[in-house]
Amino acid sequence: LVFGCAGVLAVLGLDAAAPGECELTRLLQDKLQYEMRLQYMKHYFPIDYTVRVQYEEVLRPSNITRLRNETVSEAALRYLWFHVSSQAVLRIHEVLPEKHPSWKYTQELCQLFDALGKEYSQYRQTDVEVVVADLVKLLHSAGAEGRRKAVRPKALLDNCLKVLRMLYGAACEWGWG
């Protein structure tokens, strides 16, 4: 079970990316353009500002490559990406006052993740690989709260976009031109 930015329940059960999933991730990719990440997640924050996140809330391309090498399914990897990325955006959004110039931007990202969660909720829930289920469980465990690291908001969204492209670019047949 996964909760998005506004608490939307999401489940994922298909190996192929659905058309709605592709459209929403394309919108997320557009919203995560370099210029927007730079402006909203770096320029509008104090120098060296960081957000405290759990270690499991940092999902890098190298993590995905390692999990792929362990033959984790693409559906399970997308499930993990959705969960970690929506949590990261939520962490950033929660530290912003409503009048902050990045508040509306993170709110829009949350709305896209919520819509993606609704897309996933139409699928039947299936078991994901144990390694992914354990990571998701760790994200919700009270004990993991003490295992935090400081990460810059832009770095969280940089990783979000890189992994998004790894997991959806080929599945959704995006052109890179």
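All of these numbers come straight from a predicted model, not from anything done at the bench.
With rounding to the nearest 0.5 angstrom, the CG atom of L67 is 6.0 Å from the CG atom of L77. A distance of 5.0 Å separates CZ in F113 from CG in L28, rounded to the nearest 0.5 Å. Rounded to the nearest 0.5 Å, atoms CH2 (W81) and CG (L164) are 4.5 Å apart. For the atom pair SG (C22) and CD (Q29), the distance works out to 11.0 Å, reported to the nearest 0.5 Å. Atom OG of residue S85 and atom CG of residue L116 lie 9.5 Å apart, to the nearest 0.5 angstrom. Atom CG of L135 sits about 11.0 Å away from atom OH of Y79, to the nearest 0.5 Å.
The shortest side-chain heavy-atom distance between V151 and V53 falls under the 4.5 Å cut-off. At least one side-chain heavy atom of T25 sits less than 4.5 Å from a side-chain heavy atom of C172. Annotation: side chain of L109 is in contact with side chain of Y105 (closest heavy-atom distance under 4.5 Å). Counting heavy atoms from C-beta on, the side chains of L27 and K31 never come closer than 4.5 Å. No side-chain heavy atom of M41 sits less than 4.5 Å from a side-chain heavy atom of M36. Counting only heavy atoms from C-beta outward, the side chains of T50 and K149 never approach each other to under 4.5 Å. A heavy-atom distance below 4.5 Å is not found between the side chains of V163 and R60. Annotation: side chain of L32 is in contact with side chain of C160 (closest heavy-atom distance under 4.5 Å).
Side-chain N or O atoms of S102 include one that pairs as donor or acceptor with a backbone N or O of Y40 at under 3.5 Å. R37 places no side-chain N or O within 3.5 Å of a backbone atom of K154 that could act as its donor or acceptor partner. S73 places a side-chain N or O within donor-acceptor distance of the main-chain N or O of A76, the cut-off being under 3.5 Å. A donor-acceptor pair under 3.5 Å is formed between the side chain of T106 and the backbone N or O of W103. For the pair D134 (side chain) and V131 (backbone), a donor-acceptor distance under 3.5 Å is absent. A distance-only check finds no donor-acceptor pair linking the side chain of E94 to the backbone of R91 [under 3.5 Å].
Relative orientation of the H100 and Y44 rings is perpendicular, given thresholds of 30° and 60° on the angle between their planes.
With respect to the salt-bridge test (charged N to carboxylate O, under 4.0 angstrom), the residues D48 and R152 qualify. A salt bridge between K104 and E98 is absent, with no side-chain N of the basic residue lying under 4.0 Å from a carboxylate O of the acidic one.
A cation-pi contact, defined as under 6.0 Å to the ring centre and within 45° of the axis, links R78 to Y168.
L38 and V51 fall into different hydrophobic clusters, defined by Ile, Leu, Val, Met, Phe, Trp and Tyr side-chain heavy atoms under 4.5 Å apart, directly or through other members. The same ILVMFWY cluster, assembled from side-chain heavy atoms under 4.5 Å apart, contains both L156 and Y49.
R52 and A150 get closest at one heavy-atom pair: NH1-N, 3.8 Å. The shortest non-hydrogen separation linking P153 to I92 is O-CD1, 3.8 Å.
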